[in-house]
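This report concerns only the one structure given below.
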Amino acid sequence: MPIALVDGNNFYVSCERVFDPSLEGRPVIVLSNNDGIAVARSEEAKALGIRMGEPFFRIRDLVRREGVRVFSSNYPLYADMSRRMNETLARFSPEVEVYSIDESFVGLGGFRRRELVAYARDLRATMKTWTGIPVAVGIGPTKTLAKLANRCAKKMPGFDGVCDLTDPAPRARILPTVPVAAVWGIGPAATLRLAQLGVRTAADLRAMPPELARRILTVAGARIVRELNGDSCLDLDLLPAPRKGTAVTRSFGRPVVAWTDMEEAVSAFAARAGEKLRAQGLAAAHLAVFMHTHRFNRDPAYANVRAANLVPATDDTFALVGAAVRAARAIWRDGFRYTKAGVVLADLVPRARVAPDLFARGADGRAARLMAAMDALNARMGRNTVFPASAGLARPWKIRAERRSARYTTSFAELPCVAAR
DNA sequence: TCTGGGGTCCTAGGACCC
DNA sequence: TCTGGGGTCCTAGGACCC
C-alpha cells in the first residue's frame, strides 16, 4: 500500500504566518523555550545562513541588520494548528498516523498509481485553504521512502510540493542524489561509520548487503536497507501507543541560587507532570528529579539526580509534588548557580489498573475528586488558575519568552481582531 | 589435564527522531 | 550575559536462576 508523509513546511513559522500575513516573504524564526536557540526558520531565514539549533545570542546582530522577525515558541497555538491539520487529513484517508506535531503518515490503499499525485495535490491545496499551512507530500511504498520523497518534494526544484517514489524508476534516478545522512534513521554516528565503507548516498545504502547493514548499524539499520528497497518493515500505527515515560524539564530564565526557588520550580514541574498523566489516564510508579549548573560557562559545576519509587503508582499532584521535593532536597547543595532542573516520570501504568492502597492518600476518593476539579478549572479558566501553593506565585526562575505571539485559537482573551470600514 | 549451558530481568548509555 | 524539550528503541553487561 502506498504511504504518504504529509509535513508542514517550517511548521512553527507557518503557524505564525497564518495570523500575521505581514510575515509572508520575510525572514522569520521561532525560538526554543527560554528563547535559547532557533528551532524553526522560514526559507528567507535559511537563506541568511541561520542554522537549525543556532543560539539566539549569536545571531542578534544578523537579526537586527536583516530585519528578521523573531518569535518565542507558542506551543498552545502550534498544537491546535496541528490538530486542525490532522482533522483535515482524516477527510482524505481513514488511515492517519500522527507522527509528530507537524508530520503525519497517511495510508493511500485503493488508489491507482497514476491517481496518487493528483490526490496529493488536492490534499495539499485543501490543507492550505482550510488551515493556512503549506505542506509537502512525499509518497512511497514504505515509510522510509515516503520520508525521503517528502524531502525531495520540499528541497528539489520541479516537484512543487509533491513527490511520488512509488515506482522504481524515479527511485533509481533520485536515490543517488540524496546524501545518506538525509535518510530517516541515519544519524551522525551511522553516517561516519558508513563513510568509512564508502557508503555516501541513499543509493549506496540501498545496495548494501543486509548482513553487513545488520553488523554495522544493528537491526534498525538492516530495516532501513529493506525499506529503501521497497520492502515495508514499519506499519502505520493508527492508535497512539501508551506513553512509557513523561518528563517536565526546563532551563531557568535566570540561575537559581536559593532552595526556596528550586522547591517552587520542582513543585511546578511535578504539578504539570501530574496533569499530563491524568490527561492520558496514566499513573507513575517511578519518579526522578535532576538539577544541574551551567554546561558552557566556568561556574563551579554540579549535577545530580535522585530517583524514588511511588507506591502505589499515582497520578495525584500532591503525591508527585511531595516525592519530587523530597528528592530535590536530598541532592540540593548550597552555593551553586543552577540553570536547569526537571521531573521525570517512568513506569507508567493505566490508572485504572493500579491496586488501591487502603492507607495511601486519597483512598477514599477525595484526592481523585480534587484532581478532577483542578483539571476542570484549569481547562476552563486557563492553565495555572489553581496550582499547589508550593509552586509559588513569583516564579523568578520562569523561562524567558519575550516575543510570544497570541494564542489566537485557544484563548478567548487573545482572539485576533478584524476591523472593516 | 580437565572447570557448562541456557535462560531472564534490569539498567545505563548510546543513537536517533522532531 | 545569552546554548530547548520531550520522546523511542537498541545493545551490552551484570546479576541471578536452574
Side-chain angles (χ1 to χ4, degrees), chain A residues 5-12 29-41 50-61 63 70-75 78-79 82 97-105 143-144 147 150-151 180-194 214-224 233-234 237 240-255 269 272-273 276-277 280 282 285-286 288 290 292-299 305 307 309 337 339-348 399-403:
Chain A
L5 178 68
V6 181
D7 176 319
N9 300 349
N10 317 323
F11 182 60
Y12 297 171
I29 62 174
V30 176
L31 302 177
S32 65
N33 263 331
N34 224 24
D35 292 349
I37 60 175
V39 294
R41 307 106 74 220
I50 299 175
R51 290 194 312 266
M52 183 69 175
E54 183 110 48
F56 182 44
F57 72 88
R58 262 196 229 139
I59 50 172
R60 276 237 161 82
D61 287 345
V63 161
V70 181
F71 290 86
S72 304
S73 297
N74 186 346
Y75 287 105
Y78 310 150
S82 175
E97 173 188 337
V98 178
Y99 177 66
S100 76
I101 194 165
D102 69 332
E103 285 175 59
S104 293
F105 289 102
K143 282 181 162 179
T144 304
K147 278 285 259 188
N150 184 276
R151 176 185 185 274
V180 75
V183 174
W184 192 36
I186 301 297
T191 303
L192 218 65
R193 261 173 276 151
L194 290 170
R214 163 80 236 244
R215 213 172 67 233
I216 306 293
L217 306 172
T218 78
V219 294
R223 204 157 46 210
I224 292 169
C233 307
L234 302 166
D237 290 321
R243 283 234 173 297
K244 305 196 164 164
T246 193
V248 179
T249 73
R250 292 287 180 278
S251 294
F252 301 127
R254 54 177 143 99
F269 299 165
R272 176 69 194 124
K276 286 163 81 170
L277 283 183
Q280 303 189 56
L282 298 170
H286 189 262
F290 71 84
H292 61 70
T293 52
H294 205 284
R295 289 182 298 158
F296 303 103
N297 69 12
R298 304 223 171 149
D299 280 358
V305 57
N309 291 318
R337 293 162 56 78
T339 56
K340 184 172 176 178
V343 172
V344 183
L345 303 179
D347 293 352
L348 306 189
I399 60 163
R400 272 188 300 268
E402 288 161 1
R403 305 146 184 271

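A note on names: the letters A, B, ... follow the listed sequences, proteins ahead of strands, and every chain is numbered from 1.
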Under 4.0 Å, counting only non-hydrogen atoms across every strand here, what does [X] touch: a base, just sugar-phosphate, or nothing?
X: Val30(A); answer: nothing
X: Thr246(A); answer: sugar-phosphate
X: Gly53(A); answer: nothing
X: Phe296(A); answer: base
X: Arg60(A); answer: base
X: Ile101(A); answer: nothing
X: Glu54(A); answer: nothing
X: Asn34(A); answer: nothing
X: Asp102(A); answer: sugar-phosphate

For Ser73(A) and Asn33(A), does a side-chain donor sit closer than 3.5 Å to a side-chain acceptor?
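Not at all, the side chains of Ser73(A) and Asn33(A) share no donor-acceptor pair under 3.5 Å.
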As a test of reading the structure: which of [options] is closest to the side chain of [X], going by heavy atoms?
X: Ala189(A); options: dC16(B), dC18(B), dT3(C); value: dC16(B)
X: Ala190(A); options: dG4(C), dT3(C), dC16(B); value: dC16(B)
X: Ser251(A); options: dC16(B), dG5(C), dG6(C); value: dG5(C)
X: Arg193(A); options: dC2(C), dG5(C), dA15(B); value: dA15(B)

In dot-bracket form, 5' to 3', how is DNA chain C paired? Count Watson-Crick and G-U wobble pairs only if both distances fall under 3.5 Å, and write | where the partner sits on another strand.
....||||||||||||||
Atom CZ of Arg58(A) and atom CZ of Arg51(A): how far apart are they, to the nearest 0.5 Å?
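Between Arg58(A) CZ and Arg51(A) CZ, I get 7.5 Å after rounding to 0.5 Å.
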Straight-line distance of Thr293(A) OG1 to Asp299(A) CG, nearest 0.5 Å
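With rounding to 0.5 Å, OG1 (Thr293(A)) is 7.0 Å from CG (Asp299(A)).
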In whole Å, I'd like the distance from the [atom1] atom of [X] to the [atom2] atom of [N].
X: Asn74(A); N: dG4(C); atom1: CG; atom2: C1'; answer: 16 Å
X: Arg403(A); N: dG4(C); atom1: CZ; atom2: P; answer: 17 Å
X: Trp184(A); N: dC18(B); atom1: CH2; atom2: C1'; answer: 11 Å
X: Tyr99(A); N: dC18(B); atom1: OH; atom2: C1'; answer: 7 Å
X: Leu192(A); N: dC16(B); atom1: CG; atom2: C1'; answer: 15 Å
X: Tyr75(A); N: dG4(C); atom1: OH; atom2: C1'; answer: 7 Å
X: His292(A); N: dG5(C); atom1: NE2; atom2: C1'; answer: 12 Å
X: Phe290(A); N: dG4(C); atom1: CZ; atom2: P; answer: 12 Å

Does Glu97(A) pair with Lys143(A) as a salt bridge, N-O distance under 4.0 Å?
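Result for this pair is yes, salt bridge flagged.
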Look at [X] and [N] and indicate whether a side-chain polar atom (N or O) is within less than 4.0 Å of OP1 or OP2.
X: Arg254(A); N: dC2(C); value: no
X: Arg51(A); N: dT3(C); value: no
X: Thr249(A); N: dG6(C); value: yes
X: Lys340(A); N: dG5(C); value: yes
X: Lys276(A); N: dG5(C); value: no

What orientation do [X] and [Y] show, parallel under 30°, tilted 30 to 60°, or perpendicular over 60°?
X: Phe105(A); Y: Tyr99(A); value: perpendicular
X: His292(A); Y: Phe290(A); value: parallel
X: Tyr78(A); Y: Tyr12(A); value: parallel

Minimum heavy-atom distance between Ser251(A) and Lys340(A), given as atom pair plus value
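That closest heavy-atom pairing would be OG-CD, 3.8 Å.
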Between N or O atoms, less than 3.5 Å apart, protein on one side and nucleotides 7-11 of chain B on the other: list the pairs.
none

Test log, rule side-chain contact (heavy atoms from CB on, under 4.5 Å), inputs Asp347(A) and Asn309(A)
CA-CA 10 Å; Asp347(A) 293 352; Asn309(A) 291 318; 5.6 Å; no
Pick the closest DNA chain C nucleotide for Pro255(A) and for Arg243(A) by heavy atoms, then say which residue is nearer the 5' end.
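It is Pro255(A), whose closest nucleotide lies nearer the 5' terminus.
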Want to settle it: does Ala241(A) or Ile399(A) sit nearer the 5' end of DNA chain C, counting the closest nucleotide to each?
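The residue mapped nearer the 5' terminus is Ile399(A).
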Would you confirm whether Arg193(A), through its side chain, and Ile216(A), through its main-chain N or O, come within 3.5 Å as a donor-acceptor pair?
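Side chain of Arg193(A) to backbone of Ile216(A), a donor-acceptor pair under 3.5 Å: yes, one is there.
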Salt bridge (Lys or Arg N to Asp or Glu O under 4.0 Å) partners for Asp237(A), two or more places apart:
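Checked Asp237(A) against salt bridge (Lys or Arg N to Asp or Glu O under 4.0 Å); zero matches.
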Using side-chain heavy atoms (C-beta onward) and a distance below 4.5 Å, is Glu103(A) in contact with Leu5(A)?
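Side-chain contact under 4.5 Å: yes.
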